[in-house]
Amino acid sequence: MKLKTRFLELIGQQTADVELANKYWVEIEAAHNNKKRVYHSLTHLENLFLELEPIKDQIEDWDTVSWAVFYHDIVYNVRKQDNEERSADLAVERLQAIGYPTRKVERCKAQIIATKSHAVSNDQDANLFTDADLSILGKDWDTYSAYFKAIRKEYKIYPKVLYNPGRKKVLMHFLEMDQLFKTDYFRELYEEQARQNIEQELTFFK
């Protein structure tokens, strides 16, 4: 299903205001089509849905997770450290405006903020969502290498002397985790390959 179609069907459950629905979509599309984005694009959102669709029956609140997918990277500035919080705040603002239930709005907010640390959550939907967000780590080497090269392009304003130590720190953080993936489903799919990929990328910084 095309992202726009998926989004309009989702928001259509909350509002009959077609103009507002299209306005929200254009906002999401414009943010992800920003020329500074290489990896965090609409393709990333599409891939998240591809990862989550096969386990839709394991997700308690599919609509709320879908909102989290659409909004989790809507604010993305490599100079800032609060992208997740700002993305969550914007999601809250948009969802409140269309009357989405308060409890679900708060759940969506928490799921988006969970992508900052990828720590284990009491919300299993959040664990599945954040695991899907990390699934790129466990893809084949060609796909993984295209991913980290895309990330480097997004951070091109930073010279190697600044970027490399930061990237290495992130990779070491992943390897030091007992488990990269919080759910059995994603762990079985991607854990082993993800660790191999990360270790191979780390060799570039030696």
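Predicted model, so just to flag it, every value in this text is computed and none were measured. We're numbering straight along the sequence, starting at 1.
Annotation: salt bridge (Lys or Arg N to Asp or Glu O under 4.0 Å) contacts of Arg187 (sequence neighbours excluded): Asp184. Legend: residues meeting side chain to side chain donor-acceptor pair (under 3.5 Å) with Gln96, ordered by chain and number and at least two apart, are absent.
Not less than 6.0 angstrom separates the ring centroid of His40 from the ring centroid of His72.
Side-chain contact between Leu95 and Lys104: absent, with no pair of heavy atoms (C-beta onward) separated by less than 4.5 Å. With contacts defined as side-chain heavy-atom distances shorter than 4.5 Å, the pair Asp125/Trp62 does not qualify. Looking only at side-chain heavy atoms (C-beta outward), Tyr155 and Leu162 stay at 4.5 Å or farther from each other. With contacts defined as side-chain heavy-atom distances shorter than 4.5 Å, the pair Asn22/Leu8 qualifies. Between Asp63 and Leu10, some side-chain heavy-atom pair lies under the 4.5 Å cut-off. At least one side-chain heavy atom of Ile98 sits under 4.5 Å from a side-chain heavy atom of Tyr24. When side chains are defined from C-beta on, Ser87 does not count as touching Tyr76, because their heavy atoms never get closer than 4.5 Å. Counting heavy atoms from C-beta outward, Lys160 and Arg152 have side chains that approach closer than 4.5 Å.
Ring geometry, Trp141 versus Phe148: the interplanar angle falls from 30° to 60°, so the pair is classed tilted. Ring-plane geometry between Phe7 and Trp67 is classed as perpendicular, the angle between the planes exceeding 60 degrees on a 0 to 90 degree scale with a lower cut at 30. Using a 30° and 60° split on the angle between ring planes, Tyr147 and Tyr39 fall in the perpendicular class, above 60°. Using bins of under 30°, 30° to 60° and over 60° for the plane-to-plane angle, the ring pair Tyr190/Phe181 lands in the tilted bin.
Rounding to the nearest 0.5 Å places CG of Leu180 at 12.0 Å from CD of Glu192. Here Asn47 contributes atom CG and Ser41 contributes atom OG; the two are 8.0 Å apart, rounded to the nearest 0.5 Å. With rounding to the nearest 0.5 Å, the separation of CD1 in Ile74 from CG in Leu90 is 5.0 Å. Between atom CG of residue Leu52 and atom OG of residue Ser135 there is a gap of 8.0 Å, rounded to the nearest 0.5 Å. Once rounded to the nearest 0.5 Å, the distance linking NZ of Lys109 with OG1 of Thr64 reads 15.0 Å. For the atom pair CG (Leu20) and CD (Gln14), the distance works out to 11.5 Å, reported to the nearest 0.5 Å.
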Under 3.5 Å, sequence neighbours excluded: what are the donor-acceptor pairs made by side chains of residues 112-120?
| from | atom 1 | to | atom 2 | distance (Å) |
| --- | --- | --- | --- | --- |
| Thr115 | OG1 | Ile112 | O | 2.6 |
| Lys116 | NZ | Gln81 | O | 2.4 |
| Lys116 | NZ | Glu84 | OE1 | 3.3 |
| Ser117 | OG | Ala119 | N | 3.4 |
| His118 | ND1 | Thr130 | O | 3.4 |
| His118 | NE2 | Thr115 | O | 3.1 |

Review item, side-chain donor-acceptor pairs of residues 167-178, under 3.5 Å, at least two apart:
| from | atom 1 | to | atom 2 | distance (Å) |
| --- | --- | --- | --- | --- |
| Arg167 | NE | Glu201 | OE2 | 2.8 |
| Arg167 | NH2 | Glu201 | OE1 | 3.1 |
| Arg167 | NH2 | Glu201 | OE2 | 3.4 |

Report task. Tell me, with the steps shown, if Glu85 and Lys80 meet salt bridge (Lys or Arg N to Asp or Glu O under 4.0 Å). Result -> CA-CA 11 Å; Glu85 291 86 353; Lys80 303 291 185 180; over 6 Å; no
Report task. Applying side chain to side chain contact (heavy atoms under 4.5 Å, CB included), run through Phe129 and Leu48 and close with a yes or a no. Result -> CA-CA 8 Å; Phe129 166 54; Leu48 275 174; 4.2 Å; yes
**Report entry** Criterion side chain to side chain contact (heavy atoms under 4.5 Å, CB included) on Ile198 and Leu202, from CA distance to verdict
**Finding:** CA-CA 6 Å; Ile198 292 168; Leu202 275 169; 4.3 Å; yes
Query - CA sep, side-chain torsions, deciding dist, call: Leu137, Gln193, side chain to side chain contact (heavy atoms under 4.5 Å, CB included) - result: CA-CA 8 Å; Leu137 301 180; Gln193 184 64 49; over 6 Å; no
Requested in this report: Evaluate the side-chain hydrogen bond (donor to acceptor under 3.5 Å, both in side chains) criterion for residues Gln200 and Asn197: first the C-alpha distance (whole Å), next the side-chain angles of each, then the deciding distance (0.1 Å), finally the verdict.
Outcome: CA-CA 5 Å; Gln200 187 166 344; Asn197 287 339; over 6 Å; no
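There is a side-chain donor-acceptor pair under 3.5 Å between Thr183 and Asp131.
Applying the salt bridge (charged side-chain N to carboxylate O under 4.0 Å, His left out) rule to pairs touching residues 17-43 yields Glu27-Arg94, sequence neighbours excluded. The list of salt bridge (charged side-chain N to carboxylate O under 4.0 Å, His left out) pairs with a residue in residues 42-59, not counting sequence neighbours, reads Arg6-Glu53, Glu51-Lys139.
Residues Gln111 and Val65 come closest through the heavy atom pair OE1-CA, 3.7 Å. Closest approach of Glu154 and Val38 over heavy atoms only: OE2-N, 2.9 Å. Summarising the geometry of Ser121 relative to Ala126, their closest heavy-atom pair is OG-CB, 3.8 Å, with the distance given to 0.1 Å. Nearest approach of Val69 to Phe49, heavy atoms of both residues: CG1-CE1, 3.5 Å.
Although no hydrogens or angles enter the test, the distance criterion places a donor-acceptor pair under 3.5 Å between the side chain of Asn83 and the main chain of Asn77.
Ion pairing between Glu199 and Arg195 fails under the 4.0 Å rule for side-chain N and carboxylate O.
Remark: Asn122 CG is loosely packed, at most 12 non-hydrogen atoms of other residues, nucleotides or ligands lying under 6.0 Å away.
In the hydrophobic cluster analysis, where Ile, Leu, Val, Met, Phe, Trp and Tyr join through side-chain heavy atoms closer than 4.5 angstrom, Tyr144 is grouped apart from Leu50.
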